[in-house]
**Student:** 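Let me give you the structure first, and then I'll get to my questions.
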Number of protein chains: 2
Amino acid sequence: MPRPEPISRRDRPAKPPLSRAAILDAAVDVVHRDGAAALTMRRLATELDTGPASLYVYVRNTTELNALLIDRYLSELDLSWDGREAWRERLQRVVDDYAGLLASQPGLASAALTTWPDGPHYLDLLELLMRLLDAAGIDVETAARGVDLLLQHATASAAEWAAHATPAGQDLADLTETLNAATAERHPSLHRAGSTVFTSGTPDERTRWATTAIVNGILAGASEHPRR
Amino acid sequence: MPRPEPISRRDRPAKPPLSRAAILDAAVDVVHRDGAAALTMRRLATELDTGPASLYVYVRNTTELNALLIDRYLSELDLSWDGREAWRERLQRVVDDYAGLLASQPGLASAALTTWPDGPHYLDLLELLMRLLDAAGIDVETAARGVDLLLQHATASAAEWAAHATPAGQDLADLTETLNAATAERHPSLHRAGSTVFTSGTPDERTRWATTAIVNGILAGASEHPRR
DNA sequence: ACCTGAACACCGTTCAAGT
DNA sequence: ACCTGAACACCGTTCAAGT
């Protein structure tokens with residue numbers, strides 16, 4: 001009896017050896033197909049045709065996996081600045097881009113909130129932001145705090161945006177309903193403001209407004225130490 | 001044979017009937033004893049001496065549970081303002097308090113990020129913030145956006161703080177290490193700034209700085225629409 | 001040395017069946 | 001009508017055992 005031909009490479013590609021890079025590639029595939037929420041150690045192991053335990057040889061834990069993945073996604077962003085575009089415009093754009101990137105895959109943002117992305121592209125992002133704030137005439141210490149705040153804002157916005165887009169999340173109607181409970185007696189300011197003030201405008205526009213406010217705040221004497 | 005005495009109430013209190021309130025009480029107990037990360041539907045059911053399915057009669061899902069719980073915790077905060085304390089000071093204090101509250105129980109903050117707290121005390125918080133920004137001379141629409149941003153900041157700060165305090169989280173050393181990879185060629189600004197700029201100061205102090213910056217940003221002509 | 005099967009200790013949510 | 005046992009479809013992580 002003839003030994004059966006091995007299945008051709010084309011039909012069933014040879015199982016590639018595991019490596020950090022191979023794991024990250026598979027992670028990108030999973031996120032692309034089923035969203036970041038589907039990216040679990042077990043799912044990733046299935047994808048790589050192995051058991052979950054094998055991944056732990058290359059990745060310390062889920063947190064580290066997420067940190068690596070975000071850096072990987074960051075590589076798709078334009079993080080250059082020729083110095084000709086006004087710093088304000090460039091800053092607005094990179095913050096928008098970063099928030100958009102994190103929001104593009106539900107779950108990526110919430111990972112970014114509890115994880116410092118770790119890798120060369122994240123450094124590129126930090127470098128760009130520091131350059132822009134330096135161009136704005138802001139001293140290094142203040143700039144570092146500003147970068148922190150801007151990234152926090154971008155990440156949190158993306159997380160909120162993503163959370164309310166999932167089926168388990170609440171939607172805007174819930175908040176409006178809550179606000180309708182505001183009475184003229186106990187909550188006069190809210191009552192006067194109406195139940196839609198907190199939800200007017202597009203999420204995009206609201207995020208841009210906030211970014212502008214933060215930048216203005218950094219410029220407006222934020223180098224002073226806050227009073228207790 | 002005499003029927004055994006029923007176990008006395010003192011030894012084994014009568015199983016109270018389920019209700020939203022009873023569930024929330026048990027949730028507070030669980031969080032108090034084992035932290036917000038331990039608050040799961042199953043754990044809560046065990047606590048209430050029933051099966052997890054029973055909870056779904058009173059609470060739609062985990063998201064709603066968290067929303068209710070945060071409001072419950074909010075009731076412990078002082079949300080009054082007599083108008084004598086300067087608005088800036090009062091604002092700083094309530095934001096600090098809110099962030100502290102969310103950070104006090106690991107997991108509460110990350111719930112708040114993806115969940116609008118729902119209940120009377122959350123309305124009290126919104127009311128106070130709107131009053132304070134009104135006292136600062138800010139128009140209603142801008143104030144609403146400002147409140148949004150301030151709460152986002154408080155929540156995100158608490159989430160970060162809590163995340164890095166858990167065993168699974170990264171610690172500051174990781175970020176410093178990442179920054180050490182910045183070279184004078186590719187990342188001159190970072191290289192110049194040094195690897196500790198992003199981690200200098202206490203988390204508390206950094207959060208206060210950011211709050212001040214945001215307030216200044218709201219004041220500093222943030223009522224203009226941002227340029228595209 | 002490198003890799004992994006199987007186990008441990010969990011999850012949220014649903015639904016058919018009981019009282 | 002109200003409640004729930006049991007099941008469904010998952011998790012992250014560890015470690016003893018295999019190649």
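Please read these numbers as outputs of a predicted model, since none were measured by experiment. All chains are named by letter (A, B, ...) in the order of the sequence lines, taking the proteins before the strands, and each is independently numbered beginning at 1.
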**Student:** Among all residues two or more places apart in sequence or in another chain, which pass the side chain to side chain contact (heavy atoms under 4.5 Å, CB included) test with B:Tyr58?
**Tutor:** B:Leu18, B:Arg20, B:Ile23
**Student:** Nearest-Å distance, CZ (B:Arg60) to P (C:dG12)?
**Tutor:** 17 Å
**Student:** Which residues satisfy the salt bridge (Lys or Arg N to Asp or Glu O under 4.0 Å) test with A:Asp148, sequence neighbours excluded?
**Tutor:** B:Arg206
**Student:** Name all residues meeting the side chain to side chain donor-acceptor pair (under 3.5 Å) criterion together with A:Ser80; count only those two or more places apart in sequence or in a different chain, and write none if there are none.
**Tutor:** A:Asp78
**Student:** How far does the C1' atom of C:dC2 sit from the matching atom of D:dA16, given to the nearest Å?
**Tutor:** 15 Å
**Student:** Could you list the residues that satisfy side chain to side chain donor-acceptor pair (under 3.5 Å) with A:Arg131, not counting sequence neighbours?
**Tutor:** none
**Student:** Taking atom C1' of D:dT4 as reference, at what distance in whole Å does atom CG of B:Asp49 sit?
**Tutor:** 12 Å
**Student:** Whole angstroms only, please: what is the CZ-C1' distance between B:Arg43 and C:dC11?
**Tutor:** 14 Å
**Student:** Would you say A:Thr62 reaches D:dT13's phosphate, i.e. side-chain N/O to OP1/OP2 under 4.0 Å?
**Tutor:** yes
**Student:** Mind checking side chain to side chain contact (heavy atoms under 4.5 Å, CB included) for A:Val57 and listing every partner two or more places apart, or none if nothing turns up?
**Tutor:** none
**Student:** Output the residues of residues 52-59 of chain A in contact with DNA chain C, where contact means a heavy atom of the residue under 4.0 Å from an atom of the strand; sort by number or write none.
**Tutor:** A:Ala53, A:Ser54, A:Val57, A:Tyr58
**Student:** Rounding to the closest angstrom, what is the interatomic distance between C:dA9 and D:dC10 at atom P?
**Tutor:** 23 Å
**Student:** Hey, is A:Glu47 close enough to A:Arg43 for a salt bridge, meaning N to O under 4.0 Å?
**Tutor:** yes
**Student:** For A:His121, what residues pass the side chain to side chain contact (heavy atoms under 4.5 Å, CB included) criterion, not counting sequence neighbours?
**Tutor:** A:Asp71, A:Leu74, A:Ser75, A:Asp124, B:Arg186
**Student:** Quick check against the 3.5 Å criterion: does B:Glu127 have a side-chain atom that pairs as donor or acceptor with the backbone of A:Ser189?
**Tutor:** yes
**Student:** Starting at atom CG of B:Asn66, determine the distance to atom C1' of C:dG12, rounded to an integer number of angstrom.
**Tutor:** 12 Å
**Student:** In whole Å, I'd like the distance from the CG atom of B:Leu44 to the C1' atom of C:dC10.
**Tutor:** 16 Å
**Student:** Round to a whole Å and report the spacing from CG of B:Leu39 to C1' of C:dC10.
**Tutor:** 15 Å
**Student:** Atom CE of A:Met41 and atom P of C:dA9: how far apart are they, to the nearest Å?
**Tutor:** 20 Å
**Student:** When the distance from CG of B:Asn61 to P of C:dT14 is rounded to whole Å, what number comes out?
**Tutor:** 8 Å
**Student:** Give me the stems containing DNA chain D, sorted by first residue, counting only three or more consecutive Watson-Crick or G-U pairs with both distances under 3.5 Å; say none if there aren't any.
**Tutor:** C:4-8 with D:12-16, C:12-16 with D:4-8
**Student:** Who pairs with B:Pro52 by side chain to side chain contact (heavy atoms under 4.5 Å, CB included), at least two apart in sequence or on another chain?
**Tutor:** B:Arg42, B:Ala45
